[in-house]
Amino acid sequence: MDNKRRIKIIGTGFYVPDQILTNADLERIVDTTDEWIVSRSGIRERHIAAADQATSDLCVEAGRRALKNAHLEVKDIDLILVANNTPDTVFPATACWVQAKLEAGTVPALDLIAGCTGFLYGLIVAEGLILSGAARRILLIGGDALSKVTNWKDRGTCVLLGDGAGAVVLEESKDDAGILSSYWKADGTLAELLFIPAGGSRRPASLQTVAEDGHYMYMKGNEVYKHAVKRMSEAVEEALKKAGLKKDDIDVFLPHQANLRIIEAVGERLKIPGEKVYVNIERYGNMSVACIPVAIHELRQHKRLKPGTVTVLAAFGAGFTWASIVYRW
Ligand code: COA
């Protein structure tokens with residue numbers, strides 16, 4: 001065991017809404033086909049939140065499950081950190097709605113908005129807070145209800161998205177397991193490639209913004225695609241370098257599940273064999289910040305994360321933001 005202080009995941013859980021929307025369902029909503037969606041994205045179905053389910057409702061369920069998995073109660077947590085892009089309300093933070101529903105007393109609660117990279121940004125922030133002594137144990141939740149900001153008339157975006165939440169409980173590691181290295185970047189000059197134009201202080205809600213569909217997610221898909229492949233690959237290379245590891249040391253590569261073609265392009269660029277790359281996009285679509293924690297829980301369920309397994313997490317998203325984390329189990 002080395003002397004480096006690090007944090008580790010001690011519990012995981014996730015929640016996806018019951019309602020499933022298949023590609024066949026989408027064929028009845030927009031001018032698309034199952035063949036187009038599968039060949040361009042790898043997605044076959046996604047879960048959609050009910051009308052009365054907000055992002056916090058998905059997060060609360062995921063958070064409860066992660067606490068149970070860690071054999072802990074909410075009183076054992078001293079910070080609730082919620083990465084999301086679809087807040088319940090502009091303010092207060094979605095973390096506060098979550099905190100109340102978890103009956104967490106006066107535990108601090110904080111949101112983190114970093115596009116689909118939010119969960120990895122959250123791990124890096126949590127690492128700093130735990131190792132500085134500001135928090136001992138953190139419940140980090142990544143949850144989004146993208147369906148609530150989806151333009152169901154825009155076939156270029158609505159077929160790609162799904163709703164869900166995943167959560168992890170974090171504390172300082174007492175062994176060799178945990179975050180070995182991280183790399184995070186942002187480029188705000190690319191903000192308009194993927195954003196919600198109206199509803200904030202830049203363009204407050206008005207009859208005009210509603211008429212212009214300004215409250216929905218807007219995306220320049222082709223541009224996002226190019227940056228995603230380049231930046232995720234860069235992030236993995238840099239994080240590996242910081243950990244002193246090589247690509248061959250990767251046991252499991254877990255990329256953000258935005259599009260199967262992006263995942264495959266990054267895998268090819270980095271020369272990571274396909275069997276090491278975890279993919280579940282066909283069942284969930286792009287759930288934004290929820291993709292990685294949901295996949296982590298599934299990998300644990302499938303017993304693919306044994307002591308010593310080296311996992312590389314990588315994500316990109318609105319902002320533009322991108323990051324990678326090397327994690328040893
Ligand atoms: N069904 C059928 N046709 C569709 C369609 C759909 N759902 N969506 C778009 N098309 C059409 C387009 O209108 C276009 O038609 P045209 O040539 O007649 O104009 C054609 O398909 C090709 O469109 P294009 O945008 O060039 O397709 P693409 O191969 O780039 O794939 C994306 C589109 C969105 C799947 C791809 O760009 C992508 O995955 N981008 C990244 C998105 C992403 O990951 N976002 C999340 C970031 S966290």
Side-chain angles (χ1 to χ4, degrees), residues 21-46 83-86 112-122 142-147 149-164 166 184-188 190-196 216-235 254-269 279-282 284-295 313-324:
L21 187 73
T22 64
N23 290 350
D25 297 328
L26 278 163
E27 286 177 357
R28 289 188 281 275
I29 299 173
V30 283
D31 180 14
T32 191
T33 60
D34 173 56
E35 195 279 328
W36 192 96
I37 301 170
V38 174
S39 65
R40 301 297 175 110
S41 71
I43 302 165
R44 294 184 185 274
E45 59 184 39
R46 65 292 284 149
N84 75 92
N85 302 280
T86 48
L112 194 155
I113 297 188
C116 297
T117 319
F119 186 78
L120 297 194
Y121 266 48
D144 264 318
L146 289 175
S147 66
V149 295
T150 297
N151 182 348
W152 292 100
K153 295 182 293 251
D154 176 11
R155 65 179 183 171
T157 55
C158 75
V159 302
L160 302 172
L161 312 169
D163 298 337
W184 55 341
K185 291 283 170 189
D187 181 354
L190 301 174
E192 293 188 0
L193 291 187
L194 180 52
F195 75 133
I196 296 178
Y216 294 129
M217 179 181 133
Y218 168 87
M219 176 173 75
K220 283 194 185 131
N222 283 330
E223 289 296 308
V224 170
Y225 187 100
K226 279 185 263 171
H227 286 287
V229 174
K230 183 168 161 235
R231 294 310 198 175
M232 272 217 287
S233 306
E234 163 203 312
L254 172 44
H256 171 49
Q257 309 281 308
N259 182 317
L260 182 59
R261 289 192 302 154
I262 294 177
I263 294 171
E264 287 175 346
V266 173
E268 276 165 29
R269 210 166 157 145
V279 177
N280 64 9
I281 192 170
E282 69 282 0
Y284 300 119
N286 178 356
M287 298 184 288
S288 183
V289 280
C291 289
I292 288 183
V294 167
L313 317 173
F316 67 94
F320 223 71
T321 55
W322 61 101
S324 179

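Both counts, for ligands and for their atoms, begin at 1 and track the order of listing.
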Taking Arg46 as the fixed residue, which of Asp163, Leu160, Leu26, Leu161 is the one that meets the side chain to side chain contact (heavy atoms under 4.5 Å, CB included) rule?
Leu26

Heavy-atom donor-acceptor pair, Thr86 side chain to Ala145 backbone, under 3.5 Å:
yes

What's the spacing between Met217 CE and Asn85 CG if we round to 0.5 Å?
9.5 Å

Decide, yes or no, whether a salt bridge links Glu264 with Arg261 under the criterion of side-chain N to carboxylate O below 4.0 Å.
no

Please output the residues near ligand 1 using a strict heavy-atom distance under 4.0 Å, listed in chain and residue-number order.
Asp31, Thr32, Trp36, Arg40, Cys116, Arg155, Gly156, Val159, Leu160, Leu194, Met219, Gly221, Asn222, Val224, Tyr225, His256, Ala258, Asn259, Arg261, Ile262, Asn286, Phe316

Measure across Gly317 and Thr117 and return the closest heavy-atom pair with its distance rounded to 0.1 Å.
N-OG1, 3.2 Å

What I'd like to find out is whether the side chain of Met287 reaches to under 4.5 Å of the side chain of Gln257, using heavy atoms alone.
no

